[in-house]
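In what follows, a structure is listed as structure tokens, so that the remarks can point back to it.
Chain letters run A, B, ... following the sequence lines, proteins first and then strands; every chain starts at 1. Remember, it's a predicted structure, so these values are computed and weren't measured experimentally.
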Amino acid sequence: MKFTEEHEWLRVEGDVVVVGITEHASEQLGDVVFVELPDPGTEVTKDDEVVVIESVKAASDILAPLDGEITEINEALPDDPGKVNEDPMGDAWFFKMKASDLSQMDDYMDEAAYKEFVG
Amino acid sequence: MSDALRQTPLTALHKELGARMVPFAGYEMPVQFALGVMKEHLHTRTTAGLFDVSHMGQVLIRAPGGYEPVARALEALVPVSVLGLKQGRQRYAFFTNDSGGILDDLMLANRGDHVFAVVNAACKADDIAHMRAGLPGCAVEEVRDRALLALQGPRAEAVLARHVPGVAQMRFMDVGVFSSDFGALWISRSGYTGEDGFEVSVAEGQAEALARALLSSDAVAPVGLGARDSLRLEAGLCLYGHDIDARTSPVEARLDWAIQKVRRRGGDRAGGFPGAGRILEELETGPARLRVGLRPEGRAPMREGTALFEAEDAAEPAGHVTSGAFGPTVEGPIAMGYLPTPLAAEGTRVFGEVRGKRRPARVVPMPFTAANYKRGS
């Protein structure tokens with residue numbers, strides 16, 4: 001599993017990468033009340049804003065961590081955004097994407113580095 | 001802000017309870033505790049929440065002749081009947097400016113021979129200067145050695161009555177001074193959540209002991225500023241500096257219910273407050289815009305500043321959102337804002353622009369959740 005400085009996690013599953021946000025990010029956001037996901041099939045470039053999350057406090061964007069295509073979204077989240085607080089590293093994944101260059105993953109932190117990053 | 005943040009008598013307790021502290025109106029205040037905003041909100045609606053509102057200004061206003069001259073003087077600053085306020089009662093009021101805008105909103109209590117006022121934290125220095133300049137013959141004293149706690153929710157009475165049995169006899173907007181194990185408590189049956197509850201002024205040295213005693217009840221959870229904001233928004237209550245300010249008149253803000261007949265045209269003490277020309281005129285002919293409640297369709301909140309449009313393709317905004325959030329009890333997004341009077345009718349569909357997308361919202365009556373005050377004879 002890899003981690004971005006934007007507090008996303010990336011997990012390779014076969015030929016797709018599953019993306020969500022970390023426990024740390026979900027704690028910082030507070031209770032999540034709204035999630036807007038991209039349409040499957042959307043071509044994205046790294047750092048495109050692809051997901052909007054709103055918590056009781058504020059809105060934040062989730063950026064595409066890699067170049068590629070969104071292949072699947074977590075349909076359950078928009079109706080049950082609170083899942084992001086309950087199980088951010090598991091059930092509350094945001095989307096799956098097919099990366100056009102998996103070597104972009106190498107730029108990201110492993111778990112130990114991320115733990116150090118968040119302190 | 002370069003000045004050091006001020007603390008309240010409960011700051012140490014908040015930190016012990018794991019609060020997340022933020023700067024607010026010059027104070028270091030808890031925005032949320034362990035439960036988080038959503039659960040703190042729901043806990044207050046279903047049982048009881050304890051809020052530290054010690055940052056607010058507590059002010060005593062006295063004159064040699066007792067209550068009557070103080071009330072008469074205050075009526076030159078507020079469009080409210082202060083003379084008509086009975087002993088042991090409290091009333092909502094606002095300071096107006098010469099253009100009919102609102103300088104601050106506040107509570108005024110008749111305490112027999114003087115007035116006790118509670119004003120907003122961010123405005124208190126200006127309010128006190130305003131009163132000192134505008135209340136000739138009155139002594140305006142800021143109470144700096146007392147904390148202010150709010151206990152809100154359906155269980156508030158049962159919990160507080162264990163320590164102060166007399167509060168069970170109070171009705172909404174009653175005030176009284178009660179002796180207790182925590183010294184003399186200045187209590188009003190009021191709040192900022194739409195729930196029944198009390199605001200309790202306590203000597204600073206006793207504040208933590210009182211807070212701990214209230215929190216020892218399973219019914220009571222500590223609640224931060226985050227849930228205070230969502231609770232007051234669901235209750236349709238204005239937040240100064242957001243929903244009302246120096247440019248909004250009380251009539252536009254639909255606070256006309258707080259302007260008693262005696263201060264209106266034809267009343268015995270009509271006018272005589274700053275901005276009376278505009279305010280009295282608007283009471284008769286109606287203002288050009290009105291504060292409205294909004295229910296956005298879907299789940300996306302429309303936050304403060306969201307532009308509101310009459311139609312999906314309208315070029316210019318017709319108004320804007322002044323407070324917007326997710327309402328935990330409503331279980332959906334809620335907002336209030338201003339719209340031109342013709343668009344302010346209940347049921348009107350308007351569009352709020354969120355992240356470049358026009359999303360529909362409907363004008364709805366407020367409060368968003370039914371008030372649960374203990375009214376009655």
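- No other option in P81(A), G30(A), A59(A) has as many heavy-atom pairs under 4.5 Å with chain B as P81(A).
- Using a 4.5 Å cut-off between heavy atoms, V35(A) does not touch chain B at all.
- Taking a 6.0 Å sphere around CG of D101(A), one finds it holds more than 12 heavy atoms contributed by other residues, nucleotides or ligands.
- With a 6.0 Å radius and a threshold of 12 heavy atoms from other residues, nucleotides or ligands, E316(B) has its CD atom at or below the threshold.
- In E16(B), the CD atom is crowded: over 12 heavy atoms of neighbouring residues, nucleotides or ligands sit closer than 6.0 Å.
- A salt bridge links R303(B) with E54(A); the closest basic N to acidic carboxylate O contact falls under 4.0 Å.
- Shown here for R355(B) and F34(A), the closest heavy-atom pair between the two residues is NH2-CE2, 3.3 Å.
- The line from CG of D31(A) to CD of E40(B) is 9.0 Å long, rounded to the nearest 0.5 Å.
- Neither the backbone nor the side chain of N85(A) comes within contact range of chain B, judged by heavy atoms closer than 4.5 Å.
- Between R299(B) and P78(A), the closest side-chain pair of non-hydrogen atoms is not below 4.5 Å.
- Neither the backbone nor the side chain of E331(B) comes within less than 4.5 Å of any heavy atom in chain A.
- Between K57(A) and R20(B), the closest heavy-atom pair is NZ-NH1, 2.8 Å.
- For A300(B), the parts lying near chain A are the backbone and the side chain together; criterion is any non-hydrogen pair under 4.5 Å.
- Between E36(A) and K357(B) there is a salt bridge, since a side-chain N of the basic residue sits under 4.0 Å from a carboxylate O of the acidic one.
- Between P301(B) and V33(A) there is a side-chain heavy-atom pair separated by less than 4.5 Å.
- Crowding of E310(B) atom CD: a count of heavy atoms from other residues, nucleotides or ligands under 6.0 Å not exceeding 12.
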